[in-house]
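Report on the following structure.
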Amino acid sequence: MDGNGRWAAERGLPRREGHRAGAESVRACVEACQELGVKWLTLYAFSSENWKRPATEVEALMLLLDKFLKDKTPELEERGVRLKAIGRLDMLPKRTRRHLEKTIERTADAKGMTLVLALSYGGREEIVDACKRIASQAKSGELEPEEIDNELFSENLYGPDIPDPDLLIRTSGEMRLSNFLLWQVSYSELVIVPKFWPDFDKTDLHDAVAEFTRRHRRFGKV
Ligand code: FPP
């Protein structure tokens, strides 16, 4: 969800206003996914690297997340949206973790779609954490190193039940992955949208999905 800061700067507003506007786009995006029948949506809301931003911006983002979880939980329940989170969640403020756990619990049985928030998330960190888990299973004798394959590795990621994304959308025209789902995006189709995230609307999501349907996916075969 890139470009909140630049969206705010263009308007002479503080960066937190860009994030506030960005939180509004989240709602439109979830609605558009439901219209299209998309079952899984993962949003990169806060990266491992984002902890290095000024403390005031980190605080503003955490407060925004608290507010989103507090205000939107009834709407998520009504719409049948199940919430999940991936990342080093133990690094989040206690208050945010509590809100998160509550919403996850309240929406656990929802059948519509799953919204995954990547929080305090880094793709390399996820791979390192999976390695640690696998190594300790090997050390304790639960696992032989020869048993390690792609499937077993995926099972040790933060969200073993979350399918690899078919489509990765990046806003604000940036053409890089920025440590997002590095293992999982091996065969994802990439769509780069020039708009800043707060300006990304339902039509943009529909357009990105339409572009995806025109791609010919070969998965390395001919
Ligand atoms: C990247 O834009 C965006 C973020 C680091 C935060 C994304 C968070 C939200 C949209 C709001 C909270 C989330 C939810 C799920 C309610 P940037 O700040 O790097 O923008 P820039 O590249 O223009 O500086």
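Just so you know, residue 1 is the first one in the sequence shown, and it goes up from there. Counting starts at 1 for both ligands and their atoms, following the listed order. All values below come from the heavy atoms of this structure, side chains included, with hydrogens, waters and symmetry mates left out.
With ligand atoms numbered from 1 in the order given, ligand 1 contributes 10 (C) to contacts under 4.0 Å with heavy atoms of G22. Counting atoms of ligand 1 from 1 in the listed order, those under 4.0 Å from a heavy atom of L117 are 15 (C). Less than 4.0 angstrom separates some heavy atom of L61 from each of these atoms of ligand 1: 6 (C), 8 (C). Below 4.0 Å from some heavy atom of R6 lie the following atoms of ligand 1, by number and element: 21 (P), 22 (O), 23 (O).
No more than 12 heavy-atom neighbours from other residues, nucleotides or ligands sit within 6.0 angstrom of CZ on R218. For R95, the CZ atom counts as densely surrounded, since its 6.0 Å shell holds more than 12 non-hydrogen atoms of other residues, nucleotides or ligands.
Between the side chains of T171 and D2, not a single donor N or O lies within less than 3.5 Å of an accepting N or O. Using modelled atom types, one finds a donor on one side chain and an acceptor on the other under 3.5 Å when comparing W183 with S154. With no hydrogens or angles considered, a side-chain donor-acceptor pair links Y158 and D129 at under 3.5 Å. For the 3.5 Å distance criterion, the side chains of H19 and N4 qualify, holding a donor opposite an acceptor.
Nearest non-hydrogen protein atom to atom 9 (C) of ligand 1 is N4 ND2, 3.9 Å. For atom 20 (O) of ligand 1, the closest heavy atom belonging to the protein is G5 N, 3.0 Å. The nearest protein atom to atom 5 (C) of ligand 1, hydrogens excluded, is given as N50 OD1, 3.4 Å; this is a heavy-atom distance. What sits closest to atom 4 (C) of ligand 1 on the protein, heavy atoms only, is H19 CE1, 3.9 Å. Of the protein's non-hydrogen atoms, the one nearest atom 3 (C) of ligand 1 is M1 O, 3.1 Å. The protein heavy atom nearest to atom 6 (C) of ligand 1 is A45 O, 3.4 Å. At the shortest separation from atom 12 (C) of ligand 1 among protein heavy atoms lies L64 CD2, 4.2 Å.
Residue W7 belongs to a hydrophobic cluster whose other members are L13, F196, with links defined by side-chain heavy atoms closer than 4.5 Å.
For the pair D2 and ligand 1, the shortest N or O to N or O distance falls below 3.5 Å. When only interatomic distances are considered, the shortest N/O to N/O separation between R53 and ligand 1 falls below 3.5 Å. Inclusion of Y44 in the set of residues having an N or O under 3.5 Å from an N or O of ligand 1 is not warranted.
Put simply, the side chain of L168 does not reach to within 4.5 Å of the side chain of V191, judged on heavy atoms.
Salt bridge status for R88 with E126: absent, with no side-chain N to carboxylate O gap under 4.0 Å. Taking a cutoff of 4.0 Å between a charged side-chain nitrogen and a carboxylate oxygen, E17 and R11 do not qualify as a salt bridge.
Not a single heavy atom of L43 sits less than 4.0 Å from an atom of ligand 1. Residue contact check for ligand 1: K72 places no non-hydrogen atom closer than 4.0 Å to it.
Using a 30° and 60° split on the angle between ring planes, F46 and W51 fall in the perpendicular class, above 60°.
The option with the heavy atom closest to atom 14 (C) of ligand 1, from among L115, L65, V30, L63, is L65.
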